[in-house]
Amino acid sequence: MSVTIERVSKRFGRVLALDDVSFEVPRGSLTALLGPSGSGKSTLLRAIAGLEAVDEGRIVLEGREVTHLPAGGRDAGFVFQHYALFPHLSVAGNIAFPLQVRKKHSKRAIAARVAELLGLIRLEGYETRRPHELSGGQRQRVALARALAAEPSILLLDEPFGALDAHVRKELRRELQGLHERTAVTTILVTHDAGEAMELADRVLVLREGVVQQYGPPRTLYAHPANPFVLGFLGEVNLIRSHAANAYVRPSDLRIESRHFGDAVPARVRRVVELGARTELGLTLDDGQQLTAHLDERRAASLALSPGALVYLEPTRSYAFDWTI
Ligand code: ADP
Ligand code: MG
């Protein structure tokens, strides 16, 4: 294992930011820390980086306990949401900085490493630019290169794309994925965006109020969410209440027909929203409960639905839990 977190707790006054957190990150993996704002993601990442002391528990990096070691001794590269490039230094100067402060490398070795990293982030030719001459996405790529310059054993990213436009964010996800494939450096990414975590990470740790809700590969979380919080955090979900039991159903897990079938129940179409590849239906059950269903565009067209129409629906997959959110 590259990172082992053992029963870590951290308190800020009366707030228990991390509550008995344990997990292991395999070497070379890309792990996402996922949760809503205030769930403890940054605190956990900062604890791993050595920027925050923990109250209880142990942190082991590459087999070495670092719980009481300052950040400088932990061999981690760090990128924050807000560009922390040195504005007075060029791109090359920024990337070279961590190598220059170590005073272990020749000028020539540093120049070679900077050139290699510029290639890795596809910003060849930008070495003399200043940060203010770059786009937000380019700045974050430089920040990634700087974090990787000293070949850290672990790369820690705290919502690195959070401040960027949606399309730039998407581009940078692909960039990070490529970078991770090429460098294979163990990476921990903090995000509150479930889509980002599911797309990028090979493991996802879901946090809520400092408590680990679930940890596993994205497909396991998606297919077997541990609780309603995880299910709901990964995407839209309907809670269908009935006297027998409550069931959670994803909008894409509803079979809709114009005629009655099997154990289907009737519903009225309340609204139809065409979103290109898929159509979103607002439905109302006989008892007044409102549901959302997603149909692919062709299926929706073949049903020729409009508000007021009567349809029949049955979940193709549902989840039952013994508590609700
Ligand atoms: P996230 O990154 O998931 O949004 P944080 O780790 O920043 O969450 O915060 C977790 C909890 O700890 C929040 O309730 C936050 O207000 C609190 N917290 C974080 N840092 C501090 C601090 N330096 N002082 C006091 N409370 C803090
Ligand atoms: Mg945070």
Side-chain angles (χ1 to χ4, degrees), residues 2-3 25 27-32 45 48-51 61-62 71-164 167-191 196 199-202:
S2 187
V3 181
V25 175
R27 185 167 299 124
S29 73
L30 200 167
T31 294
L45 198 75
I48 296 168
L51 299 168
L61 297 187
E62 297 288 343
R74 293 200 188 185
D75 192 19
F78 213 99
V79 178
F80 299 91
Q81 173 169 349
H82 294 288
Y83 333 114
L85 296 180
F86 304 114
H88 58 288
L89 292 182
S90 65
V91 164
N94 268 283
I95 298 175
F97 186 80
L99 299 172
Q100 286 162 344
V101 298
R102 276 177 172 74
K103 297 193 180 8
K104 281 197 306 205
H105 310 271
S106 67
K107 271 200 162 142
R108 182 190 291 235
I110 291 175
R113 179 74 180 139
V114 168
E116 183 191 344
L117 286 159
L118 281 169
L120 212 55
I121 57 166
R122 298 183 305 115
L123 283 180
E124 296 103 334
Y126 282 70
E127 30 282 87
T128 61
R129 304 270 184 109
R130 293 292 164 94
H132 74 266
E133 297 173 289
L134 304 178
S135 69
Q138 289 170 335
R139 284 181 219 170
Q140 283 308 68
R141 276 148 68 192
V142 174
L144 278 170
R146 187 179 61 182
L148 288 168
E151 302 191 52
S153 58
I154 180 166
L155 182 62
L156 303 173
L157 310 174
D158 193 347
E159 312 228 18
F161 316 140
L164 303 168
H167 74 280
V168 181
R169 219 156 60 207
K170 204 162 170 185
E171 195 182 297
L172 277 188
R173 280 184 203 171
R174 277 201 296 274
E175 197 78 34
L176 176 62
Q177 208 154 33
L179 206 64
H180 183 253
E181 274 162 21
R182 292 192 295 272
T183 61
V185 59
T186 309
T187 301
I188 304 183
L189 167 76
V190 161
T191 180
E196 187 163 287
E199 180 184 332
L200 280 179
D202 40 51

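Side chains are part of it too, since the values below use all heavy atoms of this structure and drop only hydrogens, waters and symmetry mates. Positions are given from 1, in the same order as the sequence printed here.
- Of all non-hydrogen atoms in F78 and A49, the two that sit nearest each other are CE1-CB, 3.0 Å.
- In this structure, D158 contributes its side chain and V190 its backbone to no donor-acceptor pair below 3.5 Å.
- In this structure, CG in L85 is found 12.5 Å from NE2 in H132, a value given to the nearest 0.5 Å.
- Taking the side chain as every heavy atom from C-beta outward, P160 and L144 never approach each other to under 4.5 Å.
- Minimum interatomic distance between A149 and L99 (heavy atoms only, all atoms of both residues): O-CD2, 3.6 Å.
- Between the side chain of R130 and the main chain of H88, a donor-acceptor pair closer than 3.5 Å is present.
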Practice task
Take L164 and L172 through the side chain to side chain contact (heavy atoms under 4.5 Å, CB included) test and state the conclusion after the steps.
Solution key: CA-CA 9 Å; L164 303 168; L172 277 188; 3.2 Å; yes
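- A distance of 12.5 Å separates CZ of R139 from CZ of R146, quoted to the nearest 0.5 Å.
- Of the inter-residue distances, the one linking I154 atom CD1 with I188 atom CD1 reads 4.0 Å to the nearest 0.5 angstrom.
- In this structure, the separation between CG on L61 and CZ on R74 is 6.5 Å, given to the nearest 0.5 Å.
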Handout entry: Stepwise side chain to side chain contact (heavy atoms under 4.5 Å, CB included) test for E62 and R27
Key = CA-CA 8 Å; E62 297 288 343; R27 185 167 299 124; 2.7 Å; yes
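- Counting heavy atoms from C-beta outward, L156 and I48 have side chains that approach closer than 4.5 Å.
- The main-chain N or O of V25 is never found under 3.5 Å from a side-chain atom of S29 such that the two would form a donor-acceptor pair.
- Counting only distance, with no hydrogens or angles, the side chain of R141 and the backbone of G137 share no donor-acceptor pair below 3.5 Å.
- Atoms CG and CD1, from L118 and I95 in turn, are 4.0 Å apart once rounded to the nearest 0.5 Å.
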Exercise for the section: Begin with the C-alpha distance, continue with both residues' side-chain angles, and end with the deciding distance and a verdict on salt bridge (Lys or Arg N to Asp or Glu O under 4.0 Å) for E116 and R113. Expected result: CA-CA 5 Å; E116 183 191 344; R113 179 74 180 139; 3.2 Å; yes
Practice task
Could you go through the side chain to side chain contact (heavy atoms under 4.5 Å, CB included) check for F161 and T191 one step at a time?
Solution key: CA-CA 9 Å; F161 316 140; T191 180; over 6 Å; no
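- The backbone N or O of E199 sits nowhere less than 3.5 Å from a side-chain atom of R173 that would complete a donor-acceptor pair.
- No more than 12 heavy atoms of other residues, nucleotides or ligands sit less than 6.0 Å from atom CZ of R108.
- Contact between V91 and Y126 at its shortest, heavy atoms only, is CB-O, 3.3 Å.
- At least one donor-acceptor pair closer than 3.5 Å links the side chain of H180 to the backbone N or O of G28.
- The side-chain heavy atoms of L148 and L179, taken from C-beta on, include a pair separated by under 4.5 Å.
- Counting all heavy atoms, side chain and backbone alike, P131 lies closest to P87 at CD-O, 3.7 Å.
- Side chain of Q140 to main chain of F80: a donor-acceptor pair is present (N/O by atom type, distance under 3.5 Å, no hydrogens or angles).
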Handout entry: Derivation and outcome, side chain to side chain contact (heavy atoms under 4.5 Å, CB included), residues E196 and R169
Key = CA-CA 9 Å; E196 187 163 287; R169 219 156 60 207; 4.0 Å; yes
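- Residues V79 and A147 share a closest heavy-atom pair of CG2-CB, 3.6 Å.
- Between P152 and V185, the shortest heavy-atom contact is O-CG2, 3.5 Å.
- The CG atom of L117 sits 11.5 Å away from atom CD of E127, with the distance rounded to the nearest 0.5 Å.
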